[in-house]
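Each remark here refers to the structure printed beneath this line.
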Amino acid sequence: MPSLEAARELLSEFPVVDGHNDLPWALRAQVRYDLDARDIAADQSAHLHTDIPRLRAGGVGAQYWSVYVRTDSPDPVAATLEQIDCVRQLLDRHPGDLRPALTAADMEAARAEGRIASLMGAEGGHSIANSLGTLRGLYGLGVRYMTLTHNDNVDWADSATDEPKAGGLTAFGREVVREMNRLGMLVDLSHVAATTMRDALDASSAPVIFSHSSARAVCDHPRNVPDDVLERLPANGGMAMVTFVPKFVLQAAVDWTAAADENMRAHGFHPLDTTAEAMKVHRAFEERRPRPVATVATVADHLDHMREAAGIDHVGIGGDYDGTAFTPDGLADVSGYPNLLAELLDRGWSKADLAKLTWKNAVRVLDAAQDVARGLQATRPPSNATIESLDG
């Protein structure tokens with residue numbers, strides 16, 4: 001297994017920066033933040049994709065922990081604060097392994113110390129409740145990216161998986177992007193409609209990211225990134241981080257997933273529910289209708305295409321572990337990253353290419369966004385615009 005050995009050697013120097021992991025939501029859904037019941041210092045493979053031993057085995061050096069809450073949450077701001085609190089509790093419990101990180105310099109310090117840099121990303125603009133003051137509050141609490149939407153539209157931006165309403169970004173949506181630029185918070189375009197992607201690229205003066213999206217040309221799903229958007233990343237300076245979710249990377253899985261989601265709804269569960277009861281329904285459906293299986297090669301196909309369309313300086317990894325019911329063969333949990341790198345080595349990716357994919361691109365993008373913010377803060381005060389004043 002020479003390629004696997006080479007992959008592990010590379011990860012020891014340039015570990016993975018993963019753009020999206022839903023462990024905090026899994027801890028909320030499974031045990032309501034009882035961190036003794038899901039002690040990630042020990043093997044939690046019976047319940048979770050993520051724990052510290054498997055993060056170490058996978059060569060993860062930095063993780064954006066998603067502080068996602070559902071769009072139908074009755075109080076999304078409070079729920080997001082609880083998610084942030086969960087991450088802070090994890091950092092307090094595991095200081096030898098997890099290091100709080102707010103900047104690119106913090107990420108590099110964690111790598112030098114052999115700890116896992118821990119950053120936070122809010123998944124969905126519903127988390128700010130149409131308030132730029134709340135956006136600034138989340139940044140002050142350590143959130144370093146915000147996905148503009150989740151699966152449903154927000155009042156100021158269209159989602160990839162909802163009926164178009166705004167036609168992309170509204171005037172207030174563009175102001176949200178500008179205020180994120182001023183703060184140094186990365187604009188995350190995963191989950192948003194292609195029109196929103198293009199509008200955000202037009203509005204943003206800082207690099208954007210896709211924290212967990214793949215290539216639409218390889219798998220035609222609205223959650224993925226069209227080529228014309230990938231081709232704009234070099235001029236913007238941003239990056240697209242490939243996701244491992246089978247229904248986004250394998251075309252044959254798209255139709256299967258639609259049927260599985262409908263089955264979940266018929267049984268009274270949300271399609272994204274990963275509780276034990278919901279997974280029983282999933283497994284019963286899969287027994288009746290075996291799901292198409294994605295592999296490491298499936299994900300590598302997306303990265304090959306994304307590198308061709310956007311360039312090697314604009315690709316990364318965002319597995320979406322603990323936010324998906326199923327994972328590809330060879331990428332079952334956070335210990336699987338070496339398998340992906342070994343596949344890419346076998347395809348001719350150089351070690352310099354892989355160092356950019358795993359570590360260098362993500363660190364550069366955060367650093368660049370924070371550099372833009374320093375310039376903007378010198379010339380622009382915080383925005384107190386409201387959605388009513390801009391959108392009517």
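The shown structure was predicted, so the numbers you read here are calculated from the model rather than taken from an experiment. Note: hydrogens, waters and symmetry copies are ignored here, and every other heavy atom, side chains too, is used.
- The shortest distance between side-chain heavy atoms of L132 and S383 falls below 4.5 Å.
- Each of W65, Y33, W25 was evaluated against Q83; a single residue qualifies, Y33, per the side-chain hydrogen bond (donor to acceptor under 3.5 Å, both in side chains) test.
- A 4.5 Å side-chain heavy-atom check between L186 and R144 finds every atom pair outside the cut-off.
- Looking only at side-chain heavy atoms (C-beta outward), V192 and D158 stay at 4.5 Å or farther from each other.
- Between L23 and I40, some side-chain heavy-atom pair lies under the 4.5 Å cut-off.
- In terms of heavy-atom proximity, V31 sits nearest to A37 at CG1-CB, 3.9 Å.
- D333 contributes no side-chain N or O that, together with a main-chain N or O of L55, makes up a donor-acceptor pair within less than 3.5 Å.
- H20 and Y68 have their aromatic ring centers separated by at least 6.0 angstrom.
- Using a 4.5 Å heavy-atom cutoff, the side chains of L345 and L354 are in contact.
- Ion pairing between a basic and an acidic side chain is recognised when a charged N comes within 4.0 Å of a carboxylate O; E108 and R111 show such pairing.
- Considering every non-hydrogen atom in both N153 and E163, the closest pair reads ND2-O, 2.7 Å.
- E9 CD: 12 or fewer foreign heavy atoms inside a 6.0 Å radius.
- Between R374 and D371, at least one side-chain N (NZ, or NE/NH1/NH2) sits under 4.0 Å from a carboxylate O, which counts as a salt bridge.
- Between I387 and W156, the closest heavy-atom pair is CD1-CD1, 4.1 Å.
- Under the 6.0 Å distance and 45° angle rule, R364 does not count as a cation-pi partner of W359.
- Just one of T257, L250, D320, T327 meets the side-chain contact (heavy atoms from CB on, under 4.5 Å) condition when paired with V245; it is D320.
- Judged by distance alone, the side chain of S204 and the main-chain N or O of A206 form a donor-acceptor pair under 3.5 Å.
- M241 is not listed as a side-chain neighbour of F210, based on a closest heavy-atom distance of 4.5 Å or more.
- Within 6.0 Å of the CD atom in E231, the count of heavy atoms belonging to other residues, nucleotides or ligands exceeds 12.
- Here the options are T298, L340, T324, the test is side-chain contact (heavy atoms from CB on, under 4.5 Å), and the partner is F244; only L340 passes.
- By the 4.0 Å N-to-carboxylate-O rule, R307 lies close enough to D353 to be salt-bridged with it.
- The residue from L303, V242, L10, V16 that alone fulfils the side-chain contact (heavy atoms from CB on, under 4.5 Å) condition with L357 is L303.
- The two residues V60 and Q63 come nearest to each other via the heavy atoms CG1-OE1, 4.3 Å.
- Using the six-membered ring where Trp is involved, H150 and H126 have ring planes that are tilted, between 30° and 60° apart.
- Here the CG atom belonging to N151 is positioned 6.5 Å from the NE2 atom belonging to H270, to the nearest 0.5 angstrom.
- Looking at L366 and T103, their side chains never come closer than 4.5 Å, going by heavy atoms from C-beta outward.
- The nearest pair of heavy atoms linking P24 to S66 is CG-O, 3.4 Å.
- Side chain of R223 to main chain of H212: a donor-acceptor pair is present (N/O by atom type, distance under 3.5 Å, no hydrogens or angles).
- To the nearest 0.5 Å, atoms CD (Q30) and NE2 (H47) are separated by 7.5 Å.
- Distance CZ/R136 to CG/N384: 5.5 Å, rounded to 0.5 Å.
- Although no hydrogens or angles enter the test, the distance criterion places no donor-acceptor pair under 3.5 Å between the side chain of R182 and the main chain of V177.
- Taking the six-membered ring for Trp and thresholds of 30 and 60 degrees, Y145 and Y64 have ring planes inclined between 30 and 60 degrees apart.
- Residue A240 comes nearest to L233 through the heavy atom pair N-CD1, 3.8 Å, listed as atom of the first residue, atom of the second, then distance.
- The closest side-chain heavy-atom distance from D202 to R232 is below 4.5 Å.
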